[in-house]
Amino acid sequence: MNRRELLQCAALLVSGTAVTPGSWALSQAQSKYLSARAPYIETATADFFTDAQRAAVAAAADITIPITGTPGALDAGVPRFIELMVSDWLTDEERANFMGGLEDLQARAGGDFSALPAPKQLALLEALEDEAADAPWYQFANTLRTWDPEAPFICAFKELTVLGFMLSREGSREFLRPNPMGTFDGDIPLLATDSAYSKHTLLRAIARESS
Amino acid sequence: MEATDFDAIVVGSGISGGWAAKELTERGLKVLVLDRGRNIRHAVDYYGEHAQSYQEPYYGLPNRERDSREYFIQQNSYAFGETTLQYWNNDRLNPYVRTPDKPFNWMRADVVGGRSLLWGRQVYRWSEQDFTANRDDGSAVDWPVRYADIAPWYSHVEKFIGVSGQAEGLPQLPDSEFLPPMDYYALEKTAIARMKKKVPEIPITMGRVAILTQDHNGRAACHYCGPCQRGCSTGSYFSSQSSTLPAAEATGNMTLLPNRVVERLEHDECGRRVTGVLTVDTETGERQRFSARLVFLCASTLASTQILLNSASEQHPQGLANGSGVVGKYLMDHLALSHTGFFVDDADRYYLGDRPNGLYIPRFRNVGEQDQDANFLRGYGYQCLPLRPDWETTFNQRGFGADYKAQLAKPMPIWIWALRAFVECLPRASNRLYLHANKTDRFGIPQLVTEFTWSDNERNAALDSGVQAGRILRAAGAVSIDVTDSTENLDVGGDAIHEMGTVRMGRDPATSALNGFNQAHEVDNLFVTDGSFMTSASCVNPSLTYMAFTARACDYAVKQLQTANSA
């Protein structure tokens, strides 16, 4: 599926996510519902990174999506999400690429990225983006597919960071906002201060190879 | 009359089977409903309903390793994912033969309620022209039914399921019995106003959906959470689980057996009556035979065809009720493809709630007469869906820190309006199903072989849908338009999940398997009312028509039983 097709079929999934109002509170029998579960990053376990790698990932995630007036990557458990995804979700080849990139970053930092002052951390990340600038990853809407196995490390890292933040409890509720359910009104003002709705279905989730 | 276990057996509990169960039990028959899927309970088993992204494994990203191993066909559906996983067929456990150069994707549910849990809920009546099309352009065989025959049954079904929509009085899209239509997006109001000025000949209306806009028959109005396919505990969209099976259950006349796949049907010595339904318990492998005075096949097009072909006998050497040889042939689907416009209008407008519906542009090509400039028969309609792009489309940018983060928060200042064309597919004998000579499934049932290709008629109509979509999007004010102008990467058969036609009805037993009441020409107590009875495809979503024909067939079958009883 190419970008255009994906954008087109994206419209099949128009929506934001929702909060369950009290009147639809879950019964005991419904407690196996996904909607009654603790967040994925709190229930899944991974012990894949070394302490140094874990610290480097956390530092880079914090540089990418810092805490501002709203929660940042560290508030949202992004480093843990990245470790889970690298450990459990990436393919062997994608994982090897990611870990190679992470070790390269460590090496450029003199062995410990997390120990550098923030401006030097930022400079190293920006240098990686400079080197990756020609990657297809940066083309408009080119992240609307399941995953790009060719993405340079810095791009794969940024993608996991953004997903881990925007889809997290904190990111979807305190940075984005839930689309309240109950009624539909298709014509209300969007104020300059309004953020987008969080979403219940990712467009990339339908970006499978068809046929 | 020999004693039977039940008055009627209904094979399948999806859109058609649920209706057969309801109509037959409400007429006093003792009915056994069989489904190969496992049982689930309405509402309490919809485990994905209202789940948040952060509660899903991998935050909702597809489980690529599992899906490519277990769900390599089903994963192609937009409705497939962690929150709907329990409804879908496991492709590894339930194989069929997919011919590589004639691919057909068999999308299947595997639970009680079937695909009525997963369906798109769009409901449109057929028009008189749809029923006369085969006769008029010489395709396949003529329908033995006309609009006037089925119209009262459309009403009967619509009053029960609840259909929201707007009456328009269009000859090519007869109005249903409507609940109030859903509300519009600002962009849709803008687009419609411009279209009325610039392309007034092209009709457009709110999508007609089996979703309640007010409380109806004990089910609650839609709460606009969005992804219906996860299951709806308030029963706001029609499914067998929310509606027909509870109605059948309430009569006290229904026995429901899940986990039973039907292997084949047995008949009497002369081959005119089905005497036994042979089942396999999908959990234990135990085989069991049931009998009834009536048998309704509602297993879905491919599965019902498989059962008939696997019921071949001395009297029915080509498969049960297949003296004509048409069973398995004339497989159809709809060809769906999308055309997109980008709009800078109404960028300051947003929405509240998630409307599980779009607008609908009914067929406007070859309506009444063949258009002079059309190099294809029949036509297509568009389902039109608005999308507000956001961070998911734009995060692949350079930068780090507060500024990068801030731009992720805002919706993009554009709207996308996607026109998804559904093109009518002509019936052709070369699109077919048959049993493999030696490949069987885990129950020993011969595997179904699928062969499907599009023809120039569908390809030409598809290309025309792009040309016309460009005209519509320009009229609506799109600043950038991206229409599909090539047939290189079309969806394959089955992708629209509107498969139909392989046990077609007709007037002549030599060229059709069923009569106009869905009754097998050759087997008096056998009715087939899922999509396989369809003699042509129209371009509209077919489920409503399956429901109406099922209800009509049930009425006819019970009246025949009563006549036999009083004779």
Side-chain angles (χ1 to χ4, degrees), chain A residues 4 7-18 20 29-30 32-35 37 39-40 63-66 68 85 89 122 125 129 137-138 141-144 146 162-163 166-169 172 175 179 181-190 195-196 200-203 205-206 208 210-211, chain B residues 44 47-62 64 75-76 78 81 83 103 182-186 188-189 223-227 338 340 348-355 385-387 390-393 395-396 398 400-402 405 408-411 416 418 482 491-492 495:
Chain A
R4 187 178 80 185
L7 269 181
Q8 290 168 340
C9 70
L12 289 167
L13 294 171
V14 174
S15 61
T17 189
T20 304
Q30 291 169 316
K32 67 189 175 75
Y33 271 30
L34 277 173
S35 59
R37 273 192 206 165
Y40 162 65
I63 292 275
T64 306
I65 301 183
T68 51
M85 293 296 280
W89 193 81
L122 176 61
L125 296 177
E129 281 213 311
W137 191 86
Y138 289 101
N142 199 35
T143 48
L144 297 180
T146 305
V162 170
L163 291 171
M166 303 301 264
L167 302 174
S168 69
R169 180 171 54 195
S172 63
F175 179 67
N179 178 0
M181 63 179 172
T183 58
F184 176 74
D185 184 341
D187 192 1
I188 65 169
L190 179 70
S195 59
H200 51 62
T201 307
L202 284 168
L203 301 181
I206 59 171
R208 312 290 183 106
S210 103
S211 81
Chain B
V44 293
Y47 76 72
E49 188 182 18
H50 301 154
Q52 309 295 311
S53 56
Y54 50 85
Q55 292 168 314
E56 293 189 54
Y58 315 122
Y59 283 177
L61 270 71
R64 296 178 294 173
Q75 67 172 349
N76 292 303
Y78 73 92
T83 55
M182 291 181 177
D183 190 27
Y184 291 80
Y185 283 86
E188 293 172 336
K189 297 180 198 171
H223 54 269
Y224 297 98
C225 73
S338 294
T340 310
D348 61 344
R349 309 305 291 172
Y350 214 46
Y351 52 95
L352 201 60
D354 184 348
R355 189 190 71 192
L385 297 149
L387 171 73
D390 61 13
W391 63 271
E392 200 185 353
T393 315
F395 76 81
N396 53 329
R398 298 182 63 178
F400 298 92
K405 179 188 176 189
L408 296 176
K410 304 297 175 193
I416 295 172
D482 192 357
D491 279 7
V492 304
D495 282 348

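Here the structure is a predicted model, which means the values were calculated and not measured. Because only heavy atoms are used, hydrogens play no part in the values below, and waters and symmetry mates are left out as well, while side chains stay in. Proteins get letters first, then strands, A, B, ... in listed order; numbering begins at 1 in each.
- We find the OH-CZ distance between Y54(B) and R37(A) to be 13.5 Å, quoted to the nearest 0.5 Å.
- Y58(B) and Y40(A) have their aromatic ring centers within a separation under 6.0 angstrom.
- You'll find the side chain of Q55(B) reaches within 4.5 Å of the side chain of S35(A), heavy atoms only.
- Considering every non-hydrogen atom in both A51(B) and L34(A), the closest pair reads CB-CB, 3.5 Å.
- In this structure, Y59(B) and L163(A) have side chains that are not in contact, with every pair of non-hydrogen atoms separated by 4.5 Å or more.
- At least one side-chain heavy atom of R349(B) sits less than 4.5 Å from a side-chain heavy atom of P189(A).
- The candidate with the highest count of non-hydrogen atom pairs below 4.5 Å against chain A, out of Y350(B), F395(B), W391(B), is Y350(B).
- Here the closest heavy-atom approach between residue Y224(B) and residue T183(A) is recorded as CD1-C, 3.6 Å.
- Put simply, of E56(B), R398(B), M182(B), the one with the most heavy-atom pairs under 4.5 Å next to chain A is R398(B).
- A 4.5 Å side-chain heavy-atom check between E392(B) and L144(A) finds at least one atom pair inside the cut-off.
- With D183(B) contributing its side chain and D185(A) its backbone, the two residues share no donor-acceptor pair below 3.5 Å.
- Here the OG1-NZ distance, from T68(A) to K405(B), works out to 2.5 Å after rounding to the nearest 0.5 Å.
- The NE2 atom of H50(B) sits 8.5 Å away from the OH atom of Y33(A) when rounded to the nearest 0.5 Å.
- Remark: D354(B) CG to N179(A) CG distance equals 6.0 Å, nearest 0.5 Å.
- Between chain A and the options G60(B), G401(B), P57(B), heavy-atom pairs under 4.5 Å are most frequent for G401(B).
- For chain B, the nearby parts of L125(A) are the backbone and the side chain; heavy atoms of each come within less than 4.5 Å.
- Only the side chain of D390(B) comes within less than 4.5 Å of a heavy atom in chain A; its backbone stays farther off.
- Here the straight-line distance linking atom NE2 of H200(A) with atom SG of C225(B) works out to 7.0 Å at 0.5 Å rounding.
- Closest non-hydrogen pair, S195(A) versus P411(B), comes out as C-CD, 4.2 Å.
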